[in-house]
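Heads up, the thing below is written out as structure tokens.
FYI, side chains are in, hydrogens and waters are out, and symmetry mates aren't considered; it's all heavy atoms of this structure.
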Amino acid sequence: MRQIDHHIVGGAGGKGRLSDIFDPNNGGVQAQVALGDRALLDRAVAAAKAAQPAWAATNPQRRARVMFEYKRLVEANMNELAEMLSAEHGKVIADSKGDIQRGLEVIEFCCGMPHVLKGEYTQGAGPGIDVYSMRQPIGIGAGITPFNFPAMIPLWMGGVATAVGNAFILKPSERDPSVPVRLGELFLEAGMPEGIFQVVHGDKEMVDAILDHPDIGAVSFVGSSDIAHYVYNRGVANGKRVQAMGGAKNHGIVMPDADLDQVVNDLTGAAFGSAGERCMALPVVVPVGEDTANRLRAKLIPAIEALRVGVSTDAEAHYGPVVTQAHKEKVEGWIQKCADEGAELVVDGRGFTLQGHEKGFFVGPTLFDHVTPDMESYKEEIFGPVLQIVRAADFETALELPSKHQYGNGVAIFTRNGHAAREFAARVNVGMVGINVPIPVPVAYHSFGGWKRSAFGDTNQHGMEGVKFWTKVKTITQRWPDGSLDGGNAFVIPTMG
């Protein structure tokens, strides 16, 4: 059976624990991944520590040239990467290519890193005194990434971390690890020195080893909120800089004046695309007013029933299977829970099977109506192809729902009213807002990050926030005394002059 190994300097060596990798389309085991331990991490860190000083000393434009070549190589291998990703994750090929492309957009941002790294300068801050600042890498960083975006999120983290001069160690999800390893191989092919981008596999043992390692200065994490909270607390307790992105329960507010045909089109993609396994999915829709709710529901039902669920290689499928049998059971458990809580089950996706793939991890599209904020199924993240309708009597009630929810990742409002959109964007207590945009993931030169239990730490992913996270600022105050110019005067601190 195929085995996926670590991508570290000198190779993994030895034998350790193995974890099964499933084919979500048929339920079978297709490969196994090696799970590392603290000793293996020590080797990766030692290699990173040896390589990082020279990489940091490489001038920024040369590091940027590696990013340019890397972008070219990933684009040249797009089909291979997408097929590899779909085979382990289950998302359809089009979604896999989107996963890779969104990561590449951050690599494009990294190609301009020489400009971004320019510091600040003040001439004449005091008598003969100049002050300037520089951004320097933190040394060795690590990324712990989830199964749902095995290309995009590693590139978000690793691209920025290495472009500014750090070495980076990636611990991807053990459920779909092949693409992260291939991304590491392509970095070497692009000209990145050995030891700068390495990949280690593992479970909680490896996560704890990363959080405890004294030579790892910063850790970036994306996953569930409970684990994000754990990662943040343990990492900070060990003196590390940590950004930990957690779960979400994103809402879509539908005003009475919204274009409902466009809303339904957007919702079917945002709620059910990639089988709902996105932290920026839109699993809750909030129509304002009973008339809006009834009209929206009437349009949603046939649109949902028309969705095609298929294997990941089906070019006509809207989405494929979920990642594992355990996750399928979890999603179906939430469907039952929501029904038990009293919500109306309008479309039931449980029991969906595909001819010839009866053991695949498929969940059909599911729609609930009359969901209320006191239900556990509303409070928690389902992370599957399930859409819940929560009816709101007015704008203020609709605004209050996402603002008071424990998660604050993303939110959207659908309206033709500019004042309503402006008011909503200014007042809603959520980190990312879409106005007639169902999945408001910012472009790569802005930053990604939520509020409340959707994010722990003070700095967001990619963009300038990412640059700030992976660097530290050094400020220099300089003076070159010359008796003929300063008359031998004593040094005066600029703020005292």
Side-chain angles (χ1 to χ4, degrees), residues 7-9 41 44-71 73-74 103-121 132-145 153-171 183-184 186-200 210 213-220 235 239-243 444-445 447 457 459-476:
H7 176 71
I8 63 174
V9 175
L41 179 66
V45 170
K49 199 171 182 178
Q52 190 270 333
W55 177 244
T58 302
N59 62 55
Q61 61 266 39
R62 289 188 180 274
R63 293 199 301 261
R65 287 171 194 160
V66 172
M67 295 296 164
F68 274 108
E69 176 62 9
Y70 187 67
K71 176 180 180 293
L73 286 171
V74 172
L104 270 185
E105 289 169 7
V106 172
I107 299 300
E108 290 173 346
F109 169 78
C110 293
C111 291
M113 198 59 74
H115 174 74
V116 173
L117 286 177
K118 291 190 300 185
E120 299 174 321
Y121 184 89
Y132 65 95
S133 66
M134 61 179 71
R135 287 199 167 272
Q136 295 185 322
I138 52 94
I140 301 173
I144 303 168
T145 58
I153 298 177
L155 292 175
W156 281 9
M157 297 177 184
V160 179
T162 56
V164 301
N166 294 300
F168 181 77
I169 296 172
L170 172 66
K171 204 300 285 184
L183 293 176
L186 290 175
F187 263 126
L188 284 178
E189 194 175 333
M192 186 172 282
E194 279 195 331
I196 299 302
F197 187 102
Q198 299 178 88
V199 182
V200 296
I210 289 170
H213 203 291
D215 290 324
I216 294 176
V219 176
S220 183
K240 302 187 191 308
R241 181 179 294 183
V242 181
Q243 56 178 191
Y445 41 91
S447 290
T459 315
N460 289 342
Q461 299 269 353
H462 65 70
M464 277 307 301
E465 288 281 289
V467 174
K468 290 176 182 177
F469 179 77
W470 294 111
T471 58
K472 52 192 176 185
V473 176
K474 181 180 289 182
T475 305
I476 298 93

Minimum heavy-atom distance between Val9 and Gln198, given as atom pair plus value: N-OE1, 3.1 Å
Considering only heavy atoms from C-beta outward, does the side chain of Glu69 approach that of Glu189 to under 4.5 Å? no
Taking it one step at a time, do Phe187 and Leu73 satisfy side chain to side chain contact (heavy atoms under 4.5 Å, CB included)? CA-CA 9 Å; Phe187 263 126; Leu73 286 171; over 6 Å; no
Do side-chain atoms of Lys240 reach the backbone of His213 as a donor and acceptor pair under 3.5 angstrom? yes
Measure the acute angle between the ring planes of Phe168 and Phe197, then classify it against the limits of 30° and 60° as parallel, tilted or perpendicular. tilted
Would a 4.5 Å heavy-atom cut-off, applied to side chains only, mark Ile107 and Val74 as touching? no
When every non-hydrogen atom of Ser133 is compared with those of Val473, the smallest separation belongs to CB-CG1, 4.1 Å
Are Val116 and Tyr445 packed together at the side-chain level, in the sense that at least one heavy-atom pair is separated by less than 4.5 angstrom? no
With a 4.5 Å limit on heavy-atom distance, are the side chains of Met67 and Cys111 in contact? yes
Quick one: closest heavy-atom pair of Ile169 and Val45, and the distance? CD1-CG2, 3.7 Å
Gap between atom CE of Met134 and atom OG1 of Thr471 - 0.5 Å precision: 12.5 Å
Short question: side chain of Gln243, backbone of Asn460 - any donor-acceptor pair under 3.5 Å? yes
Where do Ser220 and Phe469 come nearest, in terms of heavy atoms and distance? CB-CE2, 4.4 Å
Has Asn166 got a side-chain atom pairing as donor or acceptor with Trp470's backbone, closer than 3.5 angstrom? yes
Distance, nearest 0.5 Å, that separates CH2 of Trp156 from CD of Glu105: 10.0 Å
Ignoring hydrogens and angles, tell me if any N or O in the side chain of Glu194 forms a donor-acceptor pair with the backbone of Leu188 under 3.5 Å. no
Does the Arg241 side chain pair with the main chain of Gly217, one donor and one acceptor, at a distance under 3.5 Å? no
Does CD belonging to Glu120 count more than 12 external heavy atoms closer than 6.0 Å? no
Would a 4.5 Å heavy-atom cut-off, applied to side chains only, mark Met113 and Val467 as touching? yes
Straight-line distance of Phe68 CZ to Glu108 CD, nearest 0.5 Å: 9.5 Å
Taking the side chain as every heavy atom from C-beta outward, state whether Leu117 and Arg63 have any atom pair closer than 4.5 Å. yes
When you measure from the side chain of Gln461 to the backbone of Met157, do you find a donor-acceptor pair of N or O atoms at a distance under 3.5 Å? no
Closest non-hydrogen contact found for Ala142 with Ile216 is CB-CG2, 3.9 Å
Which residue is it: Ile144, Leu41, Thr145? I am looking for the one with a side-chain contact (heavy atoms from CB on, under 4.5 Å) to Lys171. Ile144
Under a 4.5 Å cut-off applied to non-hydrogen side-chain atoms, are Val66 and Arg62 in contact? no
Given Thr459 and Glu465, is the side-chain hydrogen bond (donor to acceptor under 3.5 Å, both in side chains) satisfied, shown in steps? CA-CA 6 Å; Thr459 315; Glu465 288 281 289; 4.9 Å; no
Could you pull out the closest heavy-atom pair between Ala163 and Cys110, with the gap in Å? CB-CB, 3.8 Å
Rounded to the nearest 0.5 Å, what separates atom OG1 in Thr58 from atom CZ in Arg65? 11.5 Å
Keeping Ser447 on the side-chain end and His462 on the backbone end, is there a donor-acceptor pair under 3.5 Å? yes
Hey, are the side chains of Ile196 and Thr162 touching, using non-hydrogen atoms and a 4.5 Å cut-off? yes
